Amino acid sequence: MRKGTKRKTKQEQEAKHDAPEENKTKAPPRAKRAKTSKPQSEPEYFEDKRNLEDLWKETFPVGTEWDQLDSVYQFKWDFSNLENAFEEGGVLYGKKVYLFGCTEPQLVMFKGESKVVCIPVVVAVVSPFPPSDKIGINSVQREAEEIIPMKQMKMDWVPYIPLEDRDSQVDRLKSQIFILSCTQRRSALKHLKLDRLKKYEYCLPYFYQPFKEDELEQSTEVQIIFPAEPKPVFCEFDWELDELEEFTDNLIQEEELSEDQKDAFEEFVKEKVREAKKANREAREARKKAIEEMSEETKAAFESMRFYKFYPVQSPDAPDVSNVKSPFINRYYGKAHEVL
């Protein structure tokens, strides 16, 4: 046997002899930990947003005090009646509609507690054209009523885009729903003068119905603020029901007016009556002229206009307003044809 072969055989024998020793010292393999499957979490379900769900919120609540706006949205008001009105069979289905909002402070019950709440209301005007491009500004504190373009108050009619159409190009949509919107930023209110700021609180959506005599045209009353000493005289004088001398004597008897101011007061009242009669006459003439110059199509549109007033429906998340509903909208629009 060759030397190389003998050496190799000896090495193989030594390796076989050492193998059990290695196996003794080698740690046994760890048992694999069984994988525990993570408990599957319950799938989350999100309620689908309704197509007109935010319509009432997008409609600016005209005349609401700025510091009261947040309180309007503190409850989860349900205006599903407004949404349903646009569905087939609803009063607004397939019609061109202009919407504006307002709020009505009312004492209501909620969760067993009585409290004053600013209730949001939406008025829908069915019309082929905007009912008005003006805003009325009036209050007890202001001497005269103002009728101004709504754009002066940063308000305008803008198309409302339903949720399902918001990815589309707005100019390609033939919108049938328009809302009165206001672009005045609340963050910029601190830069406004107080008088300008207060104007927003006295705003009323304006509407002129040429076929209906305005209440001012029919009124025979004048508001009197006579600059007397030591304090002004505040009263109302009806030129059809009141006799001026008797009216003045009563004020003197009640010590609202001094005897030496009687003549000046009577002249003041006569002047106010002349101004009111002139204003009534001019209003009637303007209405008559407007009707004469109106096209038959426009006349038909005015006569077919309908006003619908929507209150939130009863829900567990908001006060029940069913007992405080009123058809009255404002002094320009008068009463709604239907309250929902």
Side-chain angles (χ1 to χ4, degrees), residues 62-63 65 102 131-150 152-153 193-294 302 307 326-335:
V62 184
E65 296 181 17
C102 58
S132 176
D133 62 352
K134 293 181 172 58
I135 284 285
I137 300 176
N138 203 356
S139 75
V140 177
Q141 292 87 352
R142 301 179 75 85
E143 287 185 11
E145 173 190 52
E146 283 185 85
I147 309 295
I148 62 173
M150 58 173 60
Q152 285 188 21
M153 302 304 292
K193 291 182 178 178
L194 183 61
D195 184 58
R196 169 75 176 176
L197 191 63
K198 285 291 181 185
K199 272 189 176 183
Y200 280 97
E201 298 172 13
Y202 304 142
C203 282
L204 290 175
Y206 179 76
F207 178 70
Y208 177 65
Q209 170 55 279
F211 296 100
K212 185 179 178 183
E213 193 171 22
D214 188 278
E215 63 179 40
L216 288 179
E217 295 176 44
Q218 304 172 41
S219 175
T220 57
E221 287 185 351
V222 285
Q223 301 288 327
I224 303 297
I225 306 176
F226 179 65
E229 293 294 338
K231 62 176 183 177
V233 176
F234 295 89
C235 56
E236 287 182 358
F237 179 80
D238 189 317
W239 66 74
E240 286 192 353
L241 300 178
D242 297 323
E243 197 280 316
L244 182 55
E245 187 165 1
E246 182 184 345
F247 184 86
T248 308
D249 288 340
N250 286 339
L251 288 175
I252 294 171
Q253 190 176 347
E254 293 168 3
E255 297 184 351
E256 293 290 329
L257 185 73
S258 63
E259 182 70 42
D260 62 339
Q261 293 177 316
K262 179 176 179 178
D263 291 343
F265 176 79
E266 289 182 349
E267 281 304 313
F268 185 85
V269 173
K270 287 176 184 176
E271 180 60 30
K272 290 297 178 184
V273 169
R274 282 192 290 269
E275 289 175 5
K277 287 182 175 179
K278 182 184 177 184
N280 288 5
R281 185 173 63 254
E282 289 176 349
R284 283 192 293 270
E285 289 171 356
R287 184 165 53 84
K288 184 180 177 182
K289 185 181 178 183
I291 294 172
E292 288 172 354
E293 295 176 350
M294 199 177 287
F302 269 109
F307 309 148
S326 166
F328 184 72
I329 300 171
N330 66 34
R331 62 179 298 271
Y332 304 117
Y333 278 84
K335 292 181 178 180

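If you're wondering where the values come from, they're calculated on a predicted model, not measured in any experiment.
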Does [X] reach the side chain of [Y], with side-chain heavy atoms less than 4.5 Å apart?
X: C102; Y: V62; value: no
X: L251; Y: V233; value: yes
X: Y333; Y: P131; value: yes
X: F247; Y: C235; value: yes
X: K272; Y: Q223; value: no

Can you tell me how far [atom2] of [Y] sits from [atom1] of [X], rounded to the nearest 0.5 angstrom?
X: E254; Y: D249; atom1: CD; atom2: CG; value: 11.0 Å
X: E266; Y: E245; atom1: CD; atom2: CD; value: 6.0 Å
X: I135; Y: E146; atom1: CD1; atom2: CD; value: 12.0 Å
X: Y206; Y: S132; atom1: OH; atom2: OG; value: 7.0 Å
X: L244; Y: F265; atom1: CG; atom2: CZ; value: 7.0 Å
X: E65; Y: Y202; atom1: CD; atom2: OH; value: 8.0 Å

Original post:
For the side chain of N330 and the backbone of Y332, is there at least one donor-acceptor N/O pair under 3.5 Å apart?
Top reply: yes

Original post:
Under the side chain to side chain contact (heavy atoms under 4.5 Å, CB included) criterion, do K134 and I148 qualify, and how do the steps go?
Top reply: CA-CA 5 Å; K134 293 181 172 58; I148 62 173; over 6 Å; no

Original post:
Between F207 and F302, what is the ring plane arrangement, given parallel below 30°, perpendicular above 60°, and tilted in between?
Top reply: tilted

**OP:** With side chain to side chain contact (heavy atoms under 4.5 Å, CB included) as the test, would you mind laying out the steps for F226 and L257 before giving the verdict?
**Re:** CA-CA 10 Å; F226 179 65; L257 185 73; 3.9 Å; yes

Mind listing the closest non-hydrogen atom pair of [X] and [Y] along with its distance?
X: I147; Y: G136; answer: CD1-CA, 3.9 Å
X: K262; Y: T248; answer: CG-CG2, 3.6 Å
X: K335; Y: F307; answer: O-CD1, 4.0 Å

**OP:** Establish, from distance only, whether the side-chain atoms of S258 and Q261 form a donor-acceptor pair under 3.5 Å.
**Re:** yes

Original post:
Does the side chain to side chain contact (heavy atoms under 4.5 Å, CB included) test come out yes or no for E221 and E240, once each step is laid out?
Top reply: CA-CA 8 Å; E221 287 185 351; E240 286 192 353; over 6 Å; no

Subject >> Neighbour count above 12 (heavy atom, 6.0 Å) for E243 CD >> reply: yes

Original post:
Charged N to carboxylate O under 4.0 angstrom, K289 versus E292?
Top reply: no

Subject >> From CA spacing to verdict: salt bridge (Lys or Arg N to Asp or Glu O under 4.0 Å), E271, R274 >> reply: CA-CA 5 Å; E271 180 60 30; R274 282 192 290 269; 2.9 Å; yes

**OP:** Please identify each residue that fulfils salt bridge (charged side-chain N to carboxylate O under 4.0 Å, His left out) with E267, with sequence neighbours left out.
**Re:** K270

Subject >> Test side chain to side chain contact (heavy atoms under 4.5 Å, CB included) applied to L204 and I137, step by step >> reply: CA-CA 6 Å; L204 290 175; I137 300 176; over 6 Å; no

